[in-house]
Amino acid sequence: MKRTIVVLTAVLAALGIAPTASATYSTSLVVLGDSYASGTGAGSYQDGTAGNCWRSTNSYGEQVAARLRTAGKLGEFTNASCSGAATADFSVPFKDRPAQLDALKRDTDLVLLTVGTNDIDYATYGGICIQADCTGAPTEAILAKLPQMGTNVTGLLTEIRKRSPHARIVVVGYGRQVSTSDNPEGVALDPICGEGILTTAERSQGNQVADGIDATLRAAVARAAYRGVNATYASPFSRPGTFEGHALCESGTPFLRGFDALAPGQEGPEAVFHPNQKGQTALASLVRV
């Protein structure tokens, strides 16, 4: 697409025809990733995806696509994201869906990606925090997996570049799921914040893991960029004013699902600690297009 634009501009210039100022060019967009990318927990799921890939029309990728569409800049759009996907799952069929990487084309302009936490069994760690005690050994064990996660993500970014050599890749991070402090007084909170469920020590060590994931993804993207991959990292920590006060157990409107996801008719355990619609909108605000 970008080469086509350059060639077209050159041809017009040779003919003495200047492109109009109002001319716009469409973007070929592909969304890849796990549950944070698919929008698990954000509601309004695409047909046939509830209970498996959980692709929400409220996901940050769908919101970015809608923004481009409104501006008249969206060309081809494919959302291949799927809840539960680790980096190794991108190159093979997953949950009876085609391999995510097969959605990429040589003329893909923009790739949005969130991945990494399934490589380190982050969901299992969260379950330990809720049901038992995740301080100490469980935290040390998951932190020890971060270097390999980083290597995996760098490798995935390199593979994306091979398939879509002219694409800009935006890796969107996860941020923190809970606050580090005790519950604020006089504020109605999700039951997940109840006494004895997530202790202050668990929140503190859990956020060490969340911070480690963010730092690892940042470093993985930097390594890929050094190798010539056109990749940038969009971290929730880069826009603290947008996310501050909105983690679980804080006084602001929650951007994440807690035990409310376990209510009858809701998504169930898969959506716990995942962004709701407001959280996905906040993630979409990190993506500049």
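These values consider heavy atoms only, across backbone and side chains, with no hydrogens, waters or symmetry-generated copies.
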D182/R203 ion pair, N-O < 4.0 Å: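 Answer for the salt bridge query: no.
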
Please check if the side chain of [X] supplies one atom and the backbone of [Y] the other of a donor-acceptor pair under 3.5 Å.
X	Y	answer
Q266	L262	no
R257	A271	no
D119	T87	yes
Y174	G116	yes
T216	G212	yes
N183	C193	yes
D214	G173	no
T154	A224	no
E76	S28	no
E62	S59	no

With a 6.0 Å cut-off (strictly less than), is the heavy-atom count around [atom1] of [X], excluding the residue itself, greater than 12?
X	atom1	answer
E244	CD	no
K105	NZ	no
Q277	CD	no

Exercise: do [X] and [Y] side chains pair donor with acceptor under 3.5 Å:
X	Y	result
T281	Q63	yes
H274	S35	yes
W54	E270	yes

Considering all heavy atoms, the nearest F259-I130 contact: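 Heavy atoms only, the tightest pair is CZ-CG2, 3.6 Å.
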
Atom of L74, atom of S26 and distance for their closest heavy-atom approach: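 L74 and S26 have their closest heavy atoms at C-CB, 4.0 Å.
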
ILVMFWY cluster, V31 and L157 together (side-chain gap under 4.5 Å): yes

Atom pair CG (L248) and CG (L256), whose distance is rounded to the nearest 0.5 Å: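 One finds 5.0 Å between CG of L248 and CG of L256.
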
Separation of C129 SG from I197 CD1 (nearest 0.5 Å): 12.5 Å

